[in-house]
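Only this structure's heavy atoms are used, side chains among them; waters, hydrogens and symmetry mates stay out. Just follow the structure's listing: the first ligand is 1, and inside any ligand the first atom is 1.
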Amino acid sequence: MSQAQPEKSAAIRSARTILLVLLSTSILFPTLYQPLLDNVWQLLRSWSVYRWSTWETLLTVFSYSAIEVPMTVAFMQHPEWRIAHEGKAQQDEPLKKPKGMRRPSRRGYEALVYVLPLLTLDLTLIKKFADVSLEAMLRSGNYDPFVAGHKSTFLVPSLHNFTLASPLQTQRALPISAPSIRRLVLELVASMVIYDALFFVFHLSMHMLPVLRTWHRAHHSHAEIHPQITNQLHTVERLGLVLLANFSLNIIGSHVLTRTFFVPLFIWLLVEIHSGLDLPWAYDRILPAGWGGGARKHALHHADGGGGLEPYFNWCDKLWDNIQKRRDVATVVKPGVKIG
Ligand SMILES: *[C@@H]1O[C@H](CO)[C@@H](O)[C@H](O)[C@H]1NC(C)=O
Ligand SMILES: [Zn+2]
């Protein structure tokens with residue numbers, strides 16, 4: 001292990017450099033990337049599957065399997081990375097796999113429970129994305145494009161116009177042009193930061209309010225944390241999570257292409273913080289020190305239920321800690337209530 005150390009930090013340093021170069025060139029010289037982006041967008045737009053109303057749900061399930069399964073394999077193959085086993089003698093006894101881990105073949109039911117509520121929304125509501133005309137939205141929803149009474153904002157949902165010929169909302173209307181790379185990058189960063197803060201508040205209330213606490217319990221009922229805990233959620237919490245992510249994208253008017261990049265990035269980080277692993281390529285090592293919350297903070301939250309309520313970054317947690325310190329702790333219920 002100790003020999004590999006310098007090599008790791010070199011890898012982290014190059015990952016940092018690449019990320020910084022990509023970010024800064026995207027923001028400073030967006031035209032560099034435009035031809036590529038335009039081509040990608042025209043290809044996606046002309047692909048019928050991409051126009052399905054269920055596209056994002058399918059992409060989410062696909063990304064989750066493509067990320068969580070290898071992470072579970074890494075968990076099994078690298079006991080030396082397991083945070084819960086730090087400092088314990090590793091040679092003496094082989095590490096067991098945590099109880100409750102499922103084989104990939106046994107996970108059909110989990111996938112079904114996950115997709116059913118989302119598919120229901122996909123197949124009944126008109127998709128309302130930024131940069132799409134109300135006429136195009138209405139046409140996708142089987143309406144006369146000039147029918148009155150509908151709004152193009154996502155804040156006012158519209159049901160599909162159900163008919164025998166068009167029994168379900170199967171299409172989504174897409175913007176005509178690609179976004180600029182500057183817009184895409186800024187929207188990605190902004191939506192992650194907004195989601196992170198919103199989920200902090202949701203998570204805090206799930207630890208403080210008895211009703212919500214019941215729903216959050218499913219996510220905290222395990223021994224050692226492992227990647228599969230990511231999706232071990234009560235349906236209410238899972239829906240809350242998806243809707244908050246959707247809201248974070250919608251409120252800043254994200255382009256559909258931003259949404260497509262958001263899904264795998266969001267899931268990657270979500271699985272990573274639940275991995276229970278001290279990964280050599282962890283995102284909190286790549287980001288400037290102190291920015292990323294990371295797997296260690298989240299494992300600690302799962303182990304004792306206190307602190308570390310913010311999923312991806314640290315800013316809300318720090319702010320909340322300071323507020324807590326200033327208050328008279330004797331009269332206030334602390335969020336560190338154990339939940340199991
Ligand atoms: C996400 O937001 C869009 C509006 O941009 C909406 O049409 C869609 O139904 C939402 N998806 C979910 C799963 O809520
Ligand atoms: Zn929690």
Single-linkage hydrophobic cluster L28~V21, side-chain heavy atoms < 4.5 angstrom: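 Different clusters.
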Determine whether the side chain, the backbone, both or neither of L249 has a heavy atom under 4.0 Å from any heavy atom of ligand 1.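 No part of L249 is near ligand 1 at this cut-off.
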Should the proximity of Q169 to ligand 1, defined as any heavy atom under 4.0 Å, be assigned to the side chain, the backbone, both, or neither?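 Neither; no heavy atom under 4.0 Å.
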Suppose we measure from [atom] to each protein heavy atom; which comes out shortest, and what is that distance?
| atom | answer |
| --- | --- |
| atom 5 (O) of ligand 1 | K128 O, 2.5 Å |
| atom 9 (O) of ligand 1 | K127 NZ, 3.5 Å |
| atom 6 (C) of ligand 1 | N246 ND2, 4.2 Å |

Determine which of the N, O or S atoms in [X] is closest to the Zn ion (ligand 2) and give its atom name.
| X | result |
| --- | --- |
| H203 | NE2 |
| H207 | NE2 |
| H301 | NE2 |

Any [X] side-chain heavy atom under 4.5 Å of [Y] side chain:
| X | Y | result |
| --- | --- | --- |
| D122 | W52 | no |
| F129 | F154 | no |
| K127 | W55 | no |

Taking all heavy atoms of I67 and all of P70, pick out the closest pair and write down the distance.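 Closest pair (atom of I67, atom of P70, distance): O-CD, 3.4 Å.
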Counting the benzene-type ring for Trp, do H234 and H216 have ring centres under 6.0 Å apart?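 That pair fails the under 6.0 Å test.
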So does R296 pair up with D284, basic N to acidic O under 4.0 Å?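 Salt bridge: no.
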Look at ligand 1 and say whether M137 reaches it with a heavy atom at a distance under 4.0 Å.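 Under 4.0 Å: no for M137.
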Does the residue I126 have a heavy-atom contact with ligand 1, meaning some pair of atoms that are separated by less than 4.0 Å?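 It does, in that a heavy atom of I126 comes within the 4.0 Å cut-off of ligand 1.
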Hey, is the Zn ion (ligand 2) within less than 2.8 Å of some N/O/S atom on H216?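 Within the cut-off used here (under 2.8 Å), H216 does place an N, O or S atom near the Zn ion (ligand 2).
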When you measure from the Zn ion (ligand 2) to the N, O or S atoms of H219, does any of those distances fall below 2.8 Å?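 For H219, the answer is no, given that no N, O or S atom comes within less than 2.8 Å of the Zn ion (ligand 2).
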Test of understanding: with ring-ring contact (aromatic ring centres under 6.0 Å, His included), list the residues that count as partners of F266, not counting sequence neighbours.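 Applying ring-ring contact (aromatic ring centres under 6.0 Å, His included) to F266 gives Y195, F262, Y312.
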At a 4.0 Å threshold, what atoms of ligand 1 neighbour a non-hydrogen atom of F129?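 Near F129, the atoms of ligand 1 are 5 (O).
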Mark up the atoms of ligand 1 that fall under 4.0 Å of a heavy atom belonging to L243, in ascending order.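 Checking each atom against L243, I get 14 (O).
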Return a table of donor-acceptor pairs under 3.5 angstrom between the side chains of residues 146-153 and protein atoms on other chains or two or more places apart.
| residue | atom | partner | partner atom | Å |
| --- | --- | --- | --- | --- |
| H150 | ND1 | S158 | OG | 3.0 |
| T153 | OG1 | L155 | N | 3.0 |

N or O contact, D122 vs ligand 1, cut-off under 3.5 Å: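 It does not: no N or O of D122 is found under 3.5 Å from an N or O of ligand 1.
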Pick from L265, L249, V193: which one makes a side-chain contact (heavy atoms from CB on, under 4.5 Å) with L188?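 One option only clears the test, and that one is L265.
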